[in-house]
Amino acid sequence: MLQLLYKGRITSCLSATCIFLLAGILGLQSLSAQTVAKKKVADVYVDKDGVMHWGDTHKEVHAFGVNYTVPFAYAYRAAKELNVNIEKAIDDDVYHFARLGFDAFRVHVWDCEISDTLGNLLSNEHLRLFDYTIMKMKERGIKFIITPIAYWGNGYPMPDEKTPGFSRKYGKDACLTNPDAIKAQENYLKQFVNHVNQYTGIAYKNENDVIAFEVCNEPHHTEAPEKVTEFINRMVKSIRGTGCKKPVLYNISHKVHLADAYFKSDIQGGTFQWYPTGLGFGQELTGNILPNVDEYSIPFAKNPGFHKIAKIVYEFDVADVGRSYIYPAMARSFRTAGIQVATHFAYDPTFTAYANTEYSTHYMNLPYAPQKALSLKIASEVFHTMPLYKDYGQYPANTSFGDFKVSYKDDLAELVSENKFFYTNNTSSTPPASEKLEQIAGTGNSSIIKYEGTGAYFLDRIESGVWRLEVMPDAIWVNDPYSKTSLKKEVSVINWRSWPMTITLPDLGEGFLITPLNDGNTTTPPSVNDKTFTVTPGTYLITKRDVEKKQTGNLYNNIKLKEFSAPQTTLKKTYVLHQPLRELVDGASYTITATIVSVNTPEQVELCLFGKGWRPHIITMTRKAGYTYEVDLPADVIKEGMLRYFISVKEKDKVHTFPS
């Protein structure tokens, strides 16, 4: 018998038909008879070599994705403060997860918000929104690693609130030792895995898309090893007592001296994390990080017990690094170490990504940080194609591995294969068979697509001569996203601008036809000159001339042809972004480059150069592409001493100077 919550009352229904009808009354559009009637498949299992397999196909589990926290804590409060429709925000972000090819989600549930001091599960807004998130991710084919206990307060980066849960009463340390706290956790775990998702009608313990449960987030045990093993076994028993047969995981990357205690317990897997650049540097880190991620070293990897358990990475990031070349190298190192699931920490909700306020030492979002997001997309491809335990050698010989390449010099990660071409920056690489390409994703210019905007774009083949183009609006970082943040301070801005795009594909040829698709896209169908057209953010159907258009419903990963989600323009003022060189060579020519970020193209950009006298010499700067302007200074003005200049931006009704 299933239960549905309706205005605080529990309504019971005996049949799938009854559930379906009630769902219609309640407006739960995603609950269908097919969903409710879906048969339970065999759970993921762990073989004798510590490898997880899908219970139905027996294939090796490999999944990649993100942590995401909107139903809880700061993200939830920020949504309320900004008057955001939380369900709509979740819909949009989950669409981007699918767009980036993610198929895994992990979160440490803020138990302090959904439990009382005795460990009873509270049916409240946080739990409802978590149910909703699970349902929306299921629709996109995403799988789950769920950590029911976080031990955290809900405040960061603000002070903790007075929440009702056992974690707030006892604190993390006491939760691991206090008898009453341990009983509360046993009670809570039973109720949590038994909880029936009010949108799907399925208990978490029976959810086909839950890979495994991780007992708790980052426990810091201080007791004797036998006590630690006893604690873990009591938690595992609580979950198993519900009839749950999914793998139960435990964090074994904290207090690593207790490895034997972990391996003697009843867990089926261990969880790990990796922050190779540390956390909380307070500003963007520069320099080549590839040597830092060359190998994922596990201290007790030679322990016999280690080889019998499954291995996942629940959190990872190169914190405080804004470049895009690193994540595929991290994914490679994970696979070499035997990791089957990895989830980045943490994807910024789009409604706060303009300010990066949730975890300022991390920054990840498709609209606001497109190059980093595309790097994660490529890392996901590494996870799904690279064999477990395969070793590609050491840096710098391993910057090319399989179909992948990473380059610190070019700030570039890319996948170049027969049917996929993904890149995070301008690239000179050429696909081996462009006529066989099916998916293209990138920013900047390549042999297939040339584009002056700064947002990500996706080009997907639907059938011969028919493609779907998705273009995100421009994103420009105007402040260091890793410095002190505030909802009142923009670190990245969105600007909707029309830019020329050139597509060179044998499957489309020249003079192809373009039709706007997404709702609200009233753009006049762009005219194509040879292979070039002007495009505005949105989704489009591109067809080869004389090919009949077919409006199929879905593309892949349950992405619909007409779907599109992007923030509207947030740019409210003109920014001049320029970092002068500290030192020049006397008598050498020099090119000055600046990024002029404005809603519309400026009427004129000038360099005002001081020489002899008080009146500056005015030189017009030329727009090279997108927002980039340049001017070449002749060698005769580069002389020993100080080169003094400022930049002037003339718009319709105002003039901006930099610095000013």
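Throughout, numbering of the chain's residues begins at 1 and tracks the sequence.
Judged by distance alone, with hydrogens and angles left aside, the side-chain atoms of Asn398 form a donor-acceptor pair with the main-chain N or O of Gly393 at under 3.5 Å. Distance alone, capped at 3.5 Å, places no donor-acceptor pair between the Arg468 side chain and the Ile462 backbone. With hydrogens and angles disregarded, no donor-acceptor distance shorter than 3.5 Å links the side chain of Tyr629 to the backbone of Ile592. At distances below 3.5 Å, at least one donor-acceptor pair connects side-chain atoms of Ser333 with backbone N or O atoms of Ala329. In this structure a side-chain-to-backbone donor-acceptor pair under 3.5 Å is missing from Asn495 to Leu571. A side-chain donor-acceptor contact under 3.5 Å links Gln371 to the backbone of Thr424. In this structure a side-chain-to-backbone donor-acceptor pair under 3.5 Å is missing from Asp403 to Ser417.
For Lys573, there are no salt bridge (charged side-chain N to carboxylate O under 4.0 Å, His left out) partners, not counting sequence neighbours. In terms of the side chain to side chain contact (heavy atoms under 4.5 Å, CB included) criterion, residue partners of Ala475 (sequence neighbours excluded) are, by chain and number, Pro370, Ser492, Ile494. Remark: Glu438 pairs with no residue by the salt bridge (charged side-chain N to carboxylate O under 4.0 Å, His left out) rule, at least two apart or across chains. Under the rule for a salt bridge (charged side-chain N to carboxylate O under 4.0 Å, His left out), the partners of Glu284 that lie at least two apart in sequence or sit in another chain are Arg323. In this structure Thr399 satisfies the side chain to side chain contact (heavy atoms under 4.5 Å, CB included) test together with Leu290, Tyr395, Val406, sequence neighbours excluded. Residues passing the side chain to side chain contact (heavy atoms under 4.5 Å, CB included) test with Pro396, sequence neighbours excluded: none.
The two residues Trp274 and Val293 have their closest heavy-atom pair at CH2-CA, 3.5 Å. His384 and His62 get closest at one heavy-atom pair: NE2-O, 3.3 Å. Contact record, Thr427 with Glu414: OG1-OE1, 2.8 Å, taken as the closest heavy-atom pair. Closest approach of His578 and Ala594 over heavy atoms only: CB-CB, 4.2 Å. The two residues Ala413 and Pro328 come nearest to each other via the heavy atoms CB-CG, 3.7 Å. When every heavy atom of Thr539 is checked against every heavy atom of Lys562, the shortest pair comes out as OG1-O, 3.8 Å.
Residues Ser483 and Lys489 bring a donor and an acceptor atom of their side chains to less than 3.5 Å of each other. Counted by atom type alone, Thr536 and Ser498 present one or more donor-acceptor pairs between their side chains at under 3.5 Å. Checked by atom type, the side-chain pair Tyr423/Ser446 shows a donor-acceptor distance below 3.5 Å. A donor-acceptor pair shorter than 3.5 Å can be found between the side chains of Asn521 and Thr523.
Annotation: Asp530, atom CG; neighbour count of heavy atoms from other residues, nucleotides and ligands within 6.0 Å is above 12. Other residues, nucleotides and ligands contribute only 12 or fewer heavy atoms inside 6.0 Å of the CD atom of Gln394. Environment of CD in Gln604: crowded, with over 12 heavy atoms of neighbouring residues, nucleotides or ligands closer than 6.0 Å. The number of heavy-atom neighbours closer than 6.0 Å to CD of Glu435, taken from other residues, nucleotides and ligands shown, is above 12. Within a 6.0 Å sphere centred on CG of Asn529, other residues, nucleotides and ligands contribute 12 heavy atoms or fewer.
Taking the ring centre of Tyr363 as origin, the terminal cationic atom of Lys372 falls outside the region bounded by 6.0 Å and 45° from the ring axis.
Distance check, rounded to the nearest 0.5 Å: CG of Leu388 to OG1 of Thr336 gives 9.0 Å. In this structure, the separation between CD1 on Ile211 and CG on Asp103 is 7.5 Å, given to the nearest 0.5 Å. Here the CG atom belonging to Asp317 is positioned 9.5 Å from the CZ atom belonging to Phe345, to the nearest 0.5 angstrom. Between Tyr389 atom OH and Ile339 atom CD1 the span is 8.0 Å, to the nearest 0.5 Å. Taken from OG1 in Thr343 to CZ in Phe316, the straight-line distance is 7.5 Å, to the nearest 0.5 Å. To the nearest 0.5 Å, atoms CG (Asp507) and CZ (Phe512) are separated by 11.5 Å.
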- Message: Please evaluate residues Asp410 and Asn425 with respect to the criterion side chain to side chain donor-acceptor pair (under 3.5 Å), reporting the C-alpha separation (whole Å), side-chain torsions for both, the decisive distance (0.1 Å), and the verdict.
- Response: CA-CA 8 Å; Asp410 299 322; Asn425 211 336; over 6 Å; no

- Item | Evaluation steps, side-chain contact (heavy atoms from CB on, under 4.5 Å), between Arg461 and Leu505 | CA-CA 11 Å; Arg461 185 179 184 271; Leu505 273 175; over 6 Å; no

- Start with the C-alpha distance between Trp477 and Tyr575, add both sets of side-chain angles, then the distance that settles ring pair (Phe, Tyr, Trp, His ring centres under 6.0 Å), and finish with yes or no. CA-CA 10 Å; Trp477 290 11; Tyr575 290 88; over 10 Å; no

- Working for side-chain contact (heavy atoms from CB on, under 4.5 Å), residues His362 and Tyr275: CA-CA 10 Å; His362 309 286; Tyr275 294 119; 3.5 Å; yes

- Evaluate side-chain contact (heavy atoms from CB on, under 4.5 Å) for Lys138 paired with Phe144, printing each intermediate quantity in order. CA-CA 9 Å; Lys138 277 177 60 65; Phe144 314 107; 3.7 Å; yes

- Please test Val466 against Leu541 for side-chain contact (heavy atoms from CB on, under 4.5 Å), starting from the C-alpha separation and ending with a verdict. CA-CA 7 Å; Val466 183; Leu541 195 69; 3.8 Å; yes

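A salt bridge does not link Lys560 to Glu139: none of the charged nitrogens lies less than 4.0 Å from a carboxylate oxygen. In summary, Arg106 and Glu315 engage in a salt bridge, as defined by a charged side-chain N under 4.0 Å from a carboxylate O. Taking the charged nitrogens against the carboxylate oxygens, Arg140 and Asp209 have no contact shorter than 4.0 Å, which rules out a salt bridge.
Taking the centre of each ring, His96 and Tyr347 stay at or above the 6.0 Å mark.
The aromatic rings of Phe334 and Phe383 sit perpendicular to each other, their planes meeting at more than 60°, with 30° as the lower class boundary. Ring pair Tyr68/Phe97 is perpendicular by interplanar angle, where above 60° counts as perpendicular and below 30° as parallel.
Among Ile542, Val547, Val528, Leu513, the single residue meeting the side chain to side chain contact (heavy atoms under 4.5 Å, CB included) criterion with Leu508 is Ile542. If you run side chain to side chain contact (heavy atoms under 4.5 Å, CB included) between Val70 and each of Thr352, Thr133, Ile90, Val94, only Ile90 comes through.
Between Arg497 and Trp499, the closest side-chain pair of non-hydrogen atoms falls below 4.5 Å. Between Asp93 and Pro349 there is a side-chain heavy-atom pair separated by less than 4.5 Å. Side-chain contact between Phe404 and Met386: absent, with no pair of heavy atoms (C-beta onward) separated by less than 4.5 Å.
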